[in-house]
Amino acid sequence: MTAAGRDQLRPAGTIDVVVIGAGHVGLATSYCLSERSIEHVVLERGEVANSWRNERWDSLTLLTPNWQSRLPGFSYAGDDPDGFMDMPELIRFISDYAEFSSAPVQTNTEVTSVRQNDNGYQVSTEAGEWYCRSVVIASGACNVAVTPKVADTVPDNINTLTPHDYRGPGQLEPGGVLVVGASATGMQLADEIQRAGHDVTIAVGEHVRMPRTYRGRDIQFWLDAAGILNERYDEVDDIVRARRLPSPQLVGSHEPAMLDLNSLTDKGAKLVGRLMGVRDGVAQFSGSLRNVCSLADLKMHRMLDTMDEWATASPQASQFEPGERFERTRVDDAADLTLSLTDGAIRTIIWATGFRPDYSWLDVPVLDRKGRIRHDGGVAEAAGIYVVGLPVLRRRKSSFIHGTEDDVRDITEHLAGYLDQGVA
Ligand SMILES: Cc1cc2nc3c(=O)[nH]c(=O)nc-3n(C[C@H](O)[C@H](O)[C@H](O)COP(=O)(O)OP(=O)(O)OC[C@H]3O[C@@H](n4cnc5c(N)ncnc54)[C@H](O)[C@@H]3O)c2cc1C
């Protein structure tokens, strides 16, 4: 069977491949399977682009520019290539892709379990059982907002939110806000909340600093051109660390601006170190703030060195503006090591401490102790099980929209070989 089309629902039954999830990664996988005439269905618990519809805050825009929104057979075709999609635009883009590719998506079909059987796998949903030889897990990398253990010791008078709960500053009580985490999410939320008139304190651990523009071009141009995000997973020195790296401190906006810790402190936000614990209602921060900021500055400048090398060697060298170096992150020598959570100054804590996938429905023994799928570049330890859409799955760009194509082409090639072997 080739792609059946979204509106032609078929009853559950036997099929070669079940793809779980109709985000852009599941849809791109479907596109590549259809190219190879591999029979498949895409099961989605909500609507197409469900995560972007229901698990993001209102003001979110992509941090990757429109020109970089490309998927197999499809790319951004609007008149603002240098702009950044907001959520309605992105949902339309992904929905258009599903239409364009006639992906055989069955919406409102939650997968409740995947089990091995004699012929392959049994995929259970409330709408029936699917029997297949291969399963591609495209259920997302960010299903659960992670909160640290210390969250359990926060006093009851404090409201706590994760990025999945947060919609906008209008939902916050008046008063101070502690944002824990300085990745793209933490920085964007801290910036928005500070602008809305709250006093913001941001707890800063390891982070990735990046200018929005460099030498007259968007930073994504340089990352793309210099091939920095093309590095393969099997060439990365420390893959475990690379997969845990926080997202870069970037925001997509109409007037490109650097979103770094200096820009936050310029607006009045206060920096503290990594949140280590809460004792007797007092938050305790690490004294490593200066070190983590120096390290992030150093790494940013190293990355800019790589971009400069590429620019100098490029035939277009004369078209680029000269390189520059940025002011180091300003850290107060007397940054607070403690903050009272009971004196009323802080009313809300936002845990911008990362996300993780949810595989609670996966009953195949491929999970490690932490509940992550054991895989080699997306090929799981159980034959016929694949996972796509995870950070640095096969390349540094894997978790970005533009990184999807290379990964899903590799995976569908492997999968086609597996089906050809006739192994059940
Ligand atoms: C806040 C945030 C901002 C980001 N910004 C950018 C950006 O600017 N640029 C960029 O390129 N990338 C960005 N990303 C990264 C990115 O694009 C994600 O990694 C992306 O969502 C992954 O796509 P996906 O299709 O794998 O997952 P998702 O979009 O999460 O899709 C997974 C789908 O699987 C479904 N599903 C899950 N479990 C089940 C089940 N049991 N049964 C059936 N269906 C199920 C979900 O409903 C969902 O629709 C961002 C991510 C986040 C969290």
Side-chain angles (χ1 to χ4, degrees), residues 18-30 41-71 76 84-87 89-91 93-95 97-98 103 105-114 123-127 130 135-146 162-164 166 181 183-189 220 223-224 229 246-248 250-253 352 354-363 378 387-393 397-405 407-408 411:
V18 169
V19 178
I20 302 174
H24 66 264
V25 178
L27 295 170
T29 306
S30 165
V41 65
V42 182
L43 303 180
E44 166 54 55
R45 64 181 168 187
E47 297 294 316
V48 164
N50 186 52
S51 305
W52 300 103
R53 288 175 199 270
N54 295 310
E55 294 169 5
R56 309 285 187 255
W57 58 97
D58 295 343
S59 65
L60 178 65
T61 53
L62 287 186
L63 52 78
T64 42
N66 291 336
W67 59 262
Q68 220 170 21
S69 293
R70 47 179 189 249
L71 290 166
Y76 175 81
F84 300 88
M85 287 188 211
D86 60 19
M87 288 306 98
E89 288 167 326
L90 179 58
I91 292 163
F93 176 77
I94 297 174
S95 303
Y97 185 51
V105 182
Q106 303 223 350
T107 53
N108 300 309
T109 306
E110 178 158 11
V111 171
T112 52
S113 93
V114 175
V123 178
S124 304
T125 76
E126 284 180 0
W130 286 91
V135 176
V136 181
I137 299 169
S139 53
C142 304
N143 310 117
V144 180
V146 174
T162 70
H164 280 184
Y166 177 83
S183 64
T185 299
M187 296 293 284
Q188 291 179 21
L189 299 191
Q220 294 290 348
L223 290 167
D224 221 28
L229 297 182
S247 52
L250 288 174
V251 63
S253 56
F355 302 95
R356 67 170 171 80
D358 172 23
Y359 300 125
S360 51
W361 42 267
L362 185 59
D363 299 317
V387 60
V388 283
L390 300 182
V392 203
L393 184 89
K397 64 184 176 184
S398 291
S399 56
F400 291 106
I401 292 170
H402 67 278
T404 307
E405 175 157 10
D407 280 11
V408 297
I411 290 294

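Every number for a ligand or one of its atoms is a count from 1 in the order of the listing. All values below were derived from every heavy atom in this structure, side-chain atoms included, with hydrogens, water molecules and symmetry-related copies excluded.
- Of the N or O atoms in T64, one or more lie within a sub-3.5 Å distance of an N or O in ligand 1.
- Side-chain rings of F355 and H164 approach one another, their centers coming within less than 6.0 Å.
- Judged by the shortest distance from any of its heavy atoms, T61 lies outside the 4.0 Å radius around the atoms of ligand 1.
- Of all atoms in ligand 1, listed by their number and element, those nearer than 4.0 Å to a heavy atom of G140 are 26 (O), 27 (O), 30 (O), 32 (C).
- Side-chain N or O atoms of T404 include none that pairs as donor or acceptor with a backbone N or O of L71 at under 3.5 Å.
- Checked by atom type and distance alone, the side chain of E110 never pairs as donor or acceptor with a backbone atom of T112 at under 3.5 Å.
- Distances below 4.0 Å separate heavy atoms of A138 from the following atoms of ligand 1: 32 (C), 33 (C), 34 (O).
- The shortest N or O to N or O distance between L60 and ligand 1 is not below 3.5 Å.
- Closest protein heavy atom to atom 43 (C) of ligand 1: R45 N, 3.2 Å.
- Rounding to the nearest 0.5 Å places CD of Q220 at 10.5 Å from CG of L62.
- Atom 31 (O) of ligand 1 has G23 CA, 3.5 Å as its closest protein atom, hydrogens excluded (heavy atom only).
- By the criterion of a heavy-atom distance under 4.0 Å, the side chain of R56, and not its backbone, is placed next to ligand 1.
- Considering both main-chain and side-chain atoms, E47 never comes within under 3.5 Å of ligand 1 through any nitrogen or oxygen pair.
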Exercise for review: With side-chain contact (heavy atoms from CB on, under 4.5 Å) as the test, would you mind laying out the steps for S95 and R53 before giving the verdict?
Suggested key: CA-CA 11 Å; S95 303; R53 288 175 199 270; 3.4 Å; yes
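- Annotation for ligand 1: atoms under 4.0 Å from non-hydrogen atoms of S139 are 32 (C), 34 (O), 37 (C), 38 (N).
- Residue L63 has at least one N or O atom closer than 3.5 Å to an N or O atom of ligand 1.
- Inclusion of E44 in the set of residues having an N or O under 3.5 Å from an N or O of ligand 1 is warranted.
- With hydrogens and angles disregarded, a donor-acceptor distance shorter than 3.5 Å links the side chain of Q188 to the backbone of L250.
- Neither the backbone nor the side chain of F84 comes within contact range of ligand 1; no heavy atom lies under 4.0 Å.
- Residue contacts with ligand 1: H402 is placed with no nitrogen or oxygen under 3.5 Å of a nitrogen or oxygen of the ligand (distance criterion only).
- Contact annotation: W57 has at least one heavy atom less than 4.0 Å from an atom of ligand 1.
- Of the polar atoms of T185, none of the N or O atoms is found under 3.5 Å from an N or O of ligand 1, judged by distance alone.
- A salt bridge links R70 and D224; the closest N-O separation between the charged side-chain nitrogens and carboxylate oxygens is under 4.0 Å.
- Using a 30° and 60° split on the angle between ring planes, W361 and Y359 fall in the perpendicular class, above 60°.
- With a heavy-atom cut-off of 4.0 Å, W361 touches ligand 1 through its side chain alone.
- Here L60 contributes atom CG and F84 contributes atom CZ; the two are 12.5 Å apart, rounded to the nearest 0.5 Å.
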Check your understanding: Going through the distances and angles, do F400 and L63 end up as a side-chain contact (heavy atoms from CB on, under 4.5 Å)?
Key -> CA-CA 10 Å; F400 291 106; L63 52 78; 4.0 Å; yes
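- For ligand 1, the atoms closer than 4.0 angstrom to any heavy atom of L43 are 43 (C), 44 (N).
- In this structure, CE in M87 is found 9.0 Å from OG in S59, a value given to the nearest 0.5 Å.
- Near G21, meaning under 4.0 Å from one of its heavy atoms, ligand 1 places the atoms 33 (C), 34 (O), 35 (C).
- In this structure, A141 does not count as a contact residue of ligand 1, since none of its heavy atoms falls inside 4.0 Å of the ligand.
- Within ligand 1, the atoms closer than 4.0 Å to a non-hydrogen atom of V25 are 23 (O), 24 (P), 25 (O), 26 (O), numbered from 1 in the order shown.
- The T109 neighbourhood of ligand 1 comprises atoms 43 (C), with distances under 4.0 Å to a heavy atom of that residue.
- Where the criterion is an N or O separation shorter than 3.5 Å, residue side chain and backbone included, V111 meets it with respect to ligand 1.
- Atom numbering of ligand 1 starts at 1 in the shown order; those under 4.0 Å from a heavy atom of N50 are 47 (O), 49 (O).
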